[in-house]
Amino acid sequence: MEEPRRPEIRLKVNSRRFGGGNIIHPVEVEQSSPTPFPAGVNQSQTPSPFREVKHFKKWLPWLIPTFVIADTVLFIITMYVNDCPKNSVSCIATFLKRLSFQPFKENPLLGPSSETLHKMGALDVSKVVDDHQGWRLITCIWLHGGLFHLLANMLSLLVIGIRLEQEFGFIRIGLLYVISGFGGSLLSALFLQSNISVGASGAVFGLLGAMLSELITNWTIYANKMSALLTLVIIIVINLAVGILPHVDNFAHLGGFFSGFLLGFVFLMRPQFGWVNQRYTPAYSRTGAKPKYKTYQRVLWLLSLILVVAGLIAGLVSLLRGVNLNDHCSWCHYMSCVPTSRWSCDTDPVSCMSVQTGNQYTLTCSDGGKNGTYLLDNPNQSMIRSLCSQLCR
């Protein structure tokens, strides 16, 4: 007796571009013309032989834009608290009145004073360790040192974050962003202990690291994967290379990047194509059950989870015990700044001695003996500190 003819399964694949690679996302079935079915097979329970492979569910991105708005609002509040006309002798963009910027020599990023950032919650290791203000490891992520700093981070966040939130949803990307930012703050605090630190760049680098691990763990569903990998690696290297410039906290970048890289294996793992495809294949046509995730995906998930949890705990314990990693790594400071003939990596806080004669104030830098004389009427301490910073930088 002649065997009944099985229907032919044909797949139509829609793909999208990411860094030069196409990713295949099968989730839906599109009905088409009927095909003869073998005896004993219920046609009403059998999918159509014409299947269209479409994307995974697309999320509406709202969390990343909310982060951008929150950071921008906080910057405006910071400038309002800073009140440059009241607390400094000279300001930039005085037409902004209370929102005007500190002198360029004091803050080249067009922003507030260090004192204001400290008041708003900047990362200060001494406060974290001695005064138990651990919340500064989180609050510093939402503050920015200046307008240029804010624009650079927010543009990067929009470009990287919206794409990830569309693909993986606000819960996973929100957790990844905050934990990566915390990891960046932690590594920064273990190395840079004489300065305050602010900025979302550690969290943004976490998203960049997660993009790399997402490509690796979901390797089998990408086409042109080597091209996508090369493009992403070049972008990462260029961004990390910028961190060797002075006044850039590259330890926050590195801490955020490695935290995000490990978290990407944990949060952004996709089911393999074979498992998704078999859900739309008739039972009589299946050659064997496919596992949802490949073995290498499960191994990377477990190892990354262990490493990220152990790393964050070890880093936090070391910080609270007052450990300075520069004592154990004499060359590591070059990862954050490389001195050249054009710039110096000396970012230690400046201080001055002040001598008052009537309304005349003479300030002398504590380190180099440089001095300046100013005529001031009832200056407050913020004005004196601002002049000292401009004089001694």
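Side chains included, hydrogens not; waters and symmetry mates left out as well; all remaining heavy atoms used.
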Taking [X] for its side chain and [Y] for its backbone only, find out whether a donor-acceptor pair lies under 3.5 Å.
| X | Y | result |
| --- | --- | --- |
| Asn107 | Phe101 | no |
| Thr139 | Gly121 | yes |
| His118 | Ser114 | no |
| Asp71 | Gly199 | no |
| Asn250 | Met335 | yes |
| Thr231 | Ser227 | yes |
| Thr116 | Pro112 | no |

Considering non-hydrogen atoms only, spot the tightest contact between [X] and [Y] and give its length.
| X | Y | result |
| --- | --- | --- |
| Asn153 | Val204 | O-CG2, 4.0 Å |
| Lys97 | Ser100 | O-OG, 2.8 Å |
| Gly183 | Ser259 | CA-OG, 3.6 Å |
| Leu212 | Phe257 | CD2-CZ, 4.2 Å |
| Phe261 | Phe265 | O-CD1, 3.4 Å |
| Cys337 | Pro339 | O-CD, 3.7 Å |

Evaluate the salt bridge (Lys or Arg N to Asp or Glu O under 4.0 Å) criterion for residues Glu167 and Lys58: first the C-alpha distance (whole Å), next the side-chain angles of each, then the deciding distance (0.1 Å), finally the verdict. CA-CA 6 Å; Glu167 294 297 321; Lys58 287 279 190 178; 2.5 Å; yes
State yes or no: do [X] and [Y] share one hydrophobic cluster built from I, L, V, M, F, W and Y residues joined by side-chain heavy-atom distances below 4.5 Å, directly or via other members?
| X | Y | value |
| --- | --- | --- |
| Ile236 | Val159 | no |
| Leu263 | Val299 | no |
| Met226 | Tyr296 | yes |
| Phe182 | Leu305 | yes |
| Val73 | Met120 | yes |

Decide if atom CH2 of Trp219 counts as having more than 12 heavy atoms of other residues, nucleotides or ligands within a radius under 6.0 Å. yes
With the side chain counted from C-beta on, respond yes when [X] and [Y] share a heavy-atom pair under 4.5 Å apart, and no when they do not.
| X | Y | answer |
| --- | --- | --- |
| Leu186 | Phe251 | no |
| Leu147 | Phe75 | yes |
| Leu137 | Leu319 | yes |
| Ser318 | Leu190 | yes |
| Leu207 | Leu157 | yes |
| Trp142 | Phe67 | yes |
| Glu115 | Asn87 | no |
| Met269 | Arg298 | no |

Residue pair Leu123, Leu143: steps toward the side-chain contact (heavy atoms from CB on, under 4.5 Å) verdict: CA-CA 10 Å; Leu123 176 58; Leu143 301 173; over 6 Å; no
Going from [atom1] on [X] to [atom2] on [Y], what distance comes out if it is rounded to the nearest 0.5 angstrom?
| X | Y | atom1 | atom2 | answer |
| --- | --- | --- | --- | --- |
| Thr72 | Ile77 | OG1 | CD1 | 11.0 Å |
| Gln193 | Asp124 | CD | CG | 10.5 Å |
| Lys292 | Arg270 | NZ | CZ | 11.5 Å |
| Cys91 | Gln102 | SG | CD | 6.0 Å |
| Phe258 | Leu187 | CZ | CG | 9.0 Å |
| Leu176 | Leu164 | CG | CG | 7.5 Å |

side-chain contact (heavy atoms from CB on, under 4.5 Å), that's the test. Do Glu214 and Phe168 meet it? Break it down for me. CA-CA 11 Å; Glu214 189 265 331; Phe168 297 98; 3.5 Å; yes
Chi angles and distances behind the side-chain contact (heavy atoms from CB on, under 4.5 Å) call for Leu312, Val308: CA-CA 6 Å; Leu312 291 176; Val308 74; 4.2 Å; yes
Is a donor from one side chain sitting under 3.5 angstrom from an acceptor on the other, for [X] and [Y]?
| X | Y | result |
| --- | --- | --- |
| Asn326 | His333 | no |
| Asn82 | Ser113 | yes |
| Arg136 | Gln133 | yes |

Do any pairs count as a side-chain hydrogen bond (donor to acceptor under 3.5 Å, both in side chains) and have a residue in residues 197-213, sequence neighbours left out, and if so which ones? Ser197-Asp249, Ser201-His253
Can you check side-chain contact (heavy atoms from CB on, under 4.5 Å) on Leu63 and Tyr177, steps first, answer last? CA-CA 11 Å; Leu63 185 63; Tyr177 181 86; over 6 Å; no
Flag this pair as yes if the NZ/CZ of Arg172 is under 6.0 angstrom from the six-membered ring centre of Phe267 and inside a 45 degree cone about the axis; otherwise no. no
